[in-house]
Amino acid sequence: MVLLHVLFEHAVGYALLALKEVEEISLLLPQVEECVLNLGKFHNIVRLVAFCPFSSSQVALENANAVSEGIVHEDLRLLLETHLPSKKKKVLLGVGDPKIGAAIQEELGYNCQTGGVIAEILRGVRLHFHNLVKGLTDLSACKAQLGLGHSYSRAKVKFNVNRVDNMIIQSISLLDQLDKDINTFSMRVREWYGYHFPELVKIINDNATYCRLAQFIGNRRELNEEKLEKLEELTMDGAKAKAILDASRSSMGMDISAIDLINIESFSSRVVSLSEYRQSLHTYLRSKMSQVAPSLSALIGEAVGARLIAHAGSLTNLAKYPASTVQILGAEKALFRALKTRGNTPKYGLIFHSTFIGRAAAKNKGRISRYLANKCSIASRIDCFSEVPTSVFGEKLREQVEERLSFYETGEIPRKNLDVMKQAMVQAEEAAAEITKKLEKQEKKRLKKEKKRLAALAALASSENGSSPEEHEETHGKTKKKKQKLQEAPQENGMDDPSVSVSKPKKKKSFSKEELVSSDVEETAGGSVNPPKRKKSLSNEETPSEPEEAVNRSVPKKKRKFSSKEDPVSSEPEEAAASKGSIKKKKKKLQRASQED
């Protein structure tokens, strides 16, 4: 008995289900449709065999892309090989997509079935899937479906912004609409201004030039020799400018009021601006066609190539069309009318606007249109599927069409397609290498600019959040300067002696032995026996004043290490002991000196 299994692909994973009573289900299709809606009855005929959840949204996207393209993913292969019976002839696998069914049957060898009962069973599985899998709720299943749908659509929509054929479709449609509108508006200006100056219509044929002249001339009675130079600039023909001046003097037109002239001039300026915009739009279309379809535009022209792309819907659709469809693209009404009436089918559609068909003789128009359509289909496929599109192939194909056209006229045998394509391949590789180099340089420049921008933003953010280490050093230096100013403040407040320093200690005065002896002799001669006291009273230099003492109290001093030469100022008891010792030494010296005398 053949076992029927059903493969169900969901946003959360793959599910493999087994069906009971296969023969009855296959025979009783209406009963299956009724059982699908009832969960209890559906559980009686469907049993979940295995469920393989996706580990992440990226894996889910990869599996969805593989299923849509008819490729058996490794996750699906592992699930089927693990849970399906080893005897493949006794297994019948039901799948929803015929492409994935064909891929499974080819790679794994399982017989696959689509449609009929399988479609109804899959509809029931889709309805009750959150009840079949444990731990899966309806809300989580809907969220997974929504997320996978968004990511799948985003992946399908991804494209190179420089190769967008949608812009070509819109611009060529707008260009055709502008041509119609400008012609309509120009005829309105001709009729409106013709009441006043009817002779101008016969002299000037171009619509845009006529609107510019109507805007410039205004009242024809005010036209004189001074405006002749401007007329020559607008018409770019001295004879026409002179004819306009002569016609304005002998015109049969009616007089016109100032308010009517104002309205005519404003409308003419609108038409002139539309014609200028039409020129800029045509330039834009040429640049886009050189980026998106360079071979097609080199072969048949930008306007005709853009109309073919717009009529097909996209460049990809045009590349999929055969040459016979490209030949009559745009002549569908004539084709179906000919098929209905059993008349002659049309020979050409949109490609009739190409210059090749206009240059061909009447008997050769059908032959050259068929040949041109063949080359157009080749050029569109090259543009669509080449990574670096170049105009080399289009130029070579154009040369082939020129040779075929001369062959119809003169009988000169053209070159073979194989030889031409070999030359084109060599040139295309060189052109592609140059284009890739330019693109790499542009990408490097863009990356450098991006790095500079990011660095500037980071510097700005750091300056806003906190000060840099350099700023910290600056603030530290400022605090040091403030301290120095505070120490120098007493001198600025009016201290007399600038030599007095607050922080540095003074040295003791050292007297030599000769000075001491001489001073003692003078004192004895003067009758004074009292010895000199070194530190009995401090000199003006050594006595700090009151403001200096206040500074000493207010400003904290740092501890300093003194050298052997520099001694700190001793305290009061130490000074007293030193003075007593020096007095005794002096007395002894005096006694010795008196004994010697």
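- In this structure, Y193 and F197 have perpendicular ring planes: the angle between them is above 60°, well past the 30° mark.
- In this structure, CG in L318 is found 10.0 Å from CG in D165, a value given to the nearest 0.5 Å.
- Applying the side-chain hydrogen bond (donor to acceptor under 3.5 Å, both in side chains) rule to R190 yields the partners N207; only residues at least two apart in sequence or on another chain are considered.
- Salt-bridge annotation for E434 and K441: absent, with no side-chain N of the basic residue lying under 4.0 Å from a carboxylate O of the acidic one.
- No more than 12 heavy atoms of other residues, nucleotides or ligands sit less than 6.0 Å from atom NZ of K347.
- A salt bridge links E450 with R453; the closest basic N to acidic carboxylate O contact falls under 4.0 Å.
- Under a 3.5 Å cut-off, the side chain of E229 and the backbone N or O of K227 do not form any donor-acceptor pair.
- Atoms OG and CD1, on S297 and I309 in that order, are 8.5 Å from each other to the nearest 0.5 Å.
- F54 and Y14 have perpendicular rings, their planes meeting at more than 60° on a 0 to 90° scale where under 30° would count as parallel.
- Remark: side-chain polar atoms of N374 are not paired, donor with acceptor, to backbone N or O of R370 under 3.5 angstrom.
- With sequence neighbours excluded, the residues satisfying side-chain hydrogen bond (donor to acceptor under 3.5 Å, both in side chains) with E443 are R446.
- Other residues, nucleotides and ligands contribute over 12 non-hydrogen atoms within 6.0 Å of the CG atom of N224.
- Within the 3.5 Å criterion, the main-chain N or O of E69 finds no donor-acceptor partner in the side chain of K99.
- A donor atom on one side chain and an acceptor atom on the other are found under 3.5 Å apart for H196 and N219.
- In this structure, NE2 in H282 is found 13.5 Å from CG in L174, a value given to the nearest 0.5 Å.
- Below 30°, between 30° and 60°, or above 60°: for F185 and F267 the angle between ring planes is above 60°, a perpendicular geometry.
- Counting heavy atoms of neighbouring residues, nucleotides and ligands inside a 6.0 Å radius, atom CZ of R286 does not exceed 12 of them.
- Atom CE of M167 sits in a sparse spot, with 12 or fewer heavy atoms from other residues, nucleotides or ligands closer than 6.0 Å.
- When all heavy atoms of I259 and N263 are compared, the closest pair comes out as O-ND2, 2.7 Å.
- Of the inter-residue distances, the one linking K449 atom NZ with K444 atom NZ reads 15.5 Å to the nearest 0.5 angstrom.
- Side chain of S251 to backbone of S248: no donor-acceptor contact under 3.5 angstrom is found.
- For CZ of F216, the number of neighbouring non-hydrogen atoms (other residues, nucleotides, ligands) closer than 6.0 Å is greater than 12.
- I300 pairs with exactly one of L350, V401, I351 by the side chain to side chain contact (heavy atoms under 4.5 Å, CB included) rule, that one being I351.
- Nearest heavy atoms, T235 versus L213: CG2-CD1, 3.8 Å.
- Taking every heavy atom of both residues into account, A373 and A323 meet most closely at CB-O, 3.5 Å.
- The side chain to side chain contact (heavy atoms under 4.5 Å, CB included) test with H311 singles out one residue from V326, L329, I172, and that residue is L329.
- With respect to E402 and R359, a salt bridge is recorded, a charged nitrogen being found less than 4.0 Å from a carboxylate O.
- The backbone N or O of H150 lies less than 3.5 Å from no partner atom in the side chain of S153, so there is not a single donor-acceptor pair.
- For S406 (side chain) and G411 (main-chain N/O), no donor-acceptor pair under 3.5 Å exists by modelled atom type.
- When all heavy atoms of I368 and A360 are compared, the closest pair comes out as CG2-CB, 3.8 Å.
- In this structure, E403 contributes its side chain and R415 its backbone to a donor-acceptor pair below 3.5 Å.
- Counting heavy atoms of neighbouring residues, nucleotides and ligands inside a 6.0 Å radius, atom CD of Q145 exceeds 12 of them.
- Using modelled atom types, no side-chain atom of T390 and backbone atom of A431 make a donor-acceptor pair closer than 3.5 Å.
- A salt bridge does not link R220 to E199: none of the charged nitrogens lies less than 4.0 Å from a carboxylate oxygen.
- The closest donor-acceptor contact from the side chain of T283 to the backbone of Q279 lies under 3.5 Å.
- Residues M421 and Q400 are in side-chain contact: their nearest non-hydrogen atoms beyond the backbone lie under 4.5 Å apart.
- Taking all atoms of both residues into account, the shortest heavy-atom contact from R212 to S275 is NH2-OG, 4.2 Å.
- Taken to the nearest 0.5 Å, the CZ atom of F393 stands 8.0 Å off from the OG atom of S386.
- Rounding to the nearest 0.5 Å gives a distance of 4.5 Å between NE2 of H73 and CG of N63.
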Yes or no on salt bridge (Lys or Arg N to Asp or Glu O under 4.0 Å) for K437 and E440, after CA distance, side-chain angles and deciding distance?
-> CA-CA 5 Å; K437 285 181 181 178; E440 287 175 0; over 6 Å; no
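- In terms of modelled atom types and a separation under 3.5 Å, the side chain of S391 and the main chain of G394 share no donor-acceptor contact.
- Within a 6.0 Å sphere centred on OH of Y284, other residues, nucleotides and ligands contribute more than 12 heavy atoms.
- Within a 6.0 Å sphere centred on CZ of R270, heavy atoms belonging to other residues, nucleotides or ligands number 12 at most.
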